[in-house]
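Report on the following structure.
Numbering of ligands and ligand atoms starts at 1, following listing order. Since we're looking at a predicted model, the values are computed, not measured.
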Amino acid sequence: MDLELKDHVAVVTGGASGIGKACAEALEREGCRVAVWDLANGVDVADYASVHAALARTVAEFGPVRHLVHAAAMGSGKFGFPFTNLEPADWKRVLEVNILGMVHVAQALSPAMVERKSGSMVFIASIAGQIGSQTDPPYSASKAANINFAQCLAKDMAPHGVRVNTVNPGMVKTPLNENVWRAWNAQQPTDRQKSYADWGLEKVRAVAPLGRWQSPADIADMVVFLSSARAEQVTGQTINVDGGQVMHW
Ligand SMILES: NC(=O)c1ccc[n+]([C@@H]2O[C@H](COP(=O)([O-])OP(=O)(O)OC[C@H]3O[C@@H](n4cnc5c(N)ncnc54)[C@H](O)[C@@H]3O)[C@@H](O)[C@H]2O)c1
């Protein structure tokens with residue numbers, strides 16, 4: 001299948017680790033020139049000036065951006081069940097990074113895509129945004145906001161030939177996911193504590209019909225497809241790559 005991505009310029013936020021890194025590598029394998037915007041290389045998506053500076057550097061080095069994959073996000077780092085375990089102040093940075101970060105990136109990249117009358121954006125949200133995951137309410141609420149804003153964007157951008165979709169992973173072994181286990185484990189009495197491997201396997205077997213972890217590459221496959229010419233009629237969709245954990249009809 002020719003995905004027609006060769007020599008296209010793509011931005012991957014959060015591309016230094018986990019799912020974002022797998023997306024950046026997969027796009028590169030398809031011939032894209034990929035700019036990674038990540039805290040690890042000095043770009044903070046929560047800071048609009050930082051996003052603008054990154055865009056100027058990317059355009060100068062690679063040319064106009066045709067594809068966005070937005071994977072940068074964070075959790076609160078605390079176990080949020082019940083939600084009163086968290087202070088209201090624990091929500092602030094999560095909402096700034098996860099919601100405003102998306103707004104900043106979309107706002108910065110949209111005008112040139114509209115002008116060129118083409119482009120694609122894929123936002124990595126989470127099934128937590130669909131099911132009200134109690135583990136980390138600010139994370140969960142921010143992911144619902146990602147799904148919703150992506151739908152607004154898809155409607156706005158469709159008349160300009162720009163497609164916008166969302167991919168929701170379920171359980172993927174990454175530093176972000178390991179932090180969820182760490183916060184959970186720290187709350188347990190010693191005799192109920194588990195290793196990350198045992199916690200994850202038990203959880204994924206209990207919640208996902210396919211019964212196994214998704215890999216970063218599983219998510220990247222869907223992201224690359226949605227970015228490609230083979231998905232030319234796909235916009236405004238929220239696609240779960242979650243082993244069947246969430247099913248809608
Ligand atoms: N791992 C999972 O099980 C899982 C499940 C559902 C959704 N997701 C989503 O997948 C995406 C990627 O997460 P991951 O699991 O690969 O995590 P990760 O921790 O491996 O990677 C996240 C990356 O985002 C970067 N980042 C964080 N804050 C940033 C900021 N303010 N500005 C720029 N970069 C920033 C980090 O430096 C890191 O490189 C996130 O949107 C996450 O919510 C992950």
- Do Arg93 and Asp44 sit within salt-bridge range, that is, some charged N less than 4.0 Å from a carboxylate O? yes

- Query: Any side-chain heavy atom of Leu27 sitting closer than 4.5 Å to one from Val69?
  - Reply: yes

- Does the side chain of Thr58 pick up a donor-acceptor pair with the side chain of Trp37 at under 3.5 Å? yes

- Take the angle between the ring planes of Trp199 and Tyr196 and call it parallel below 30°, perpendicular above 60°, tilted in between. parallel

- Can you pull the side-chain hydrogen bond (donor to acceptor under 3.5 Å, both in side chains) pairs that have at least one residue in residues 7-18, sequence neighbours excluded? His8-Arg66, His8-His67, Thr13-His70

- Measuring from each atom of ligand 1, which residues have a heavy atom under 4.0 Å away? Gly14, Ala16, Ser17, Gly18, Ile19, Asp38, Leu39, Val43, Asp44, Val45, Ala71, Ala72, Ala73, Arg93, Val97, Ile124, Ala125, Ser126, Tyr139, Lys143, Pro169, Gly170, Met171, Val172, Thr174, Pro175, Leu176, Asn177

- Query: Can a salt bridge be assigned to the pair Glu202 and Lys194 using a cut-off of 4.0 Å between side-chain N and carboxylate O?
  - Reply: yes

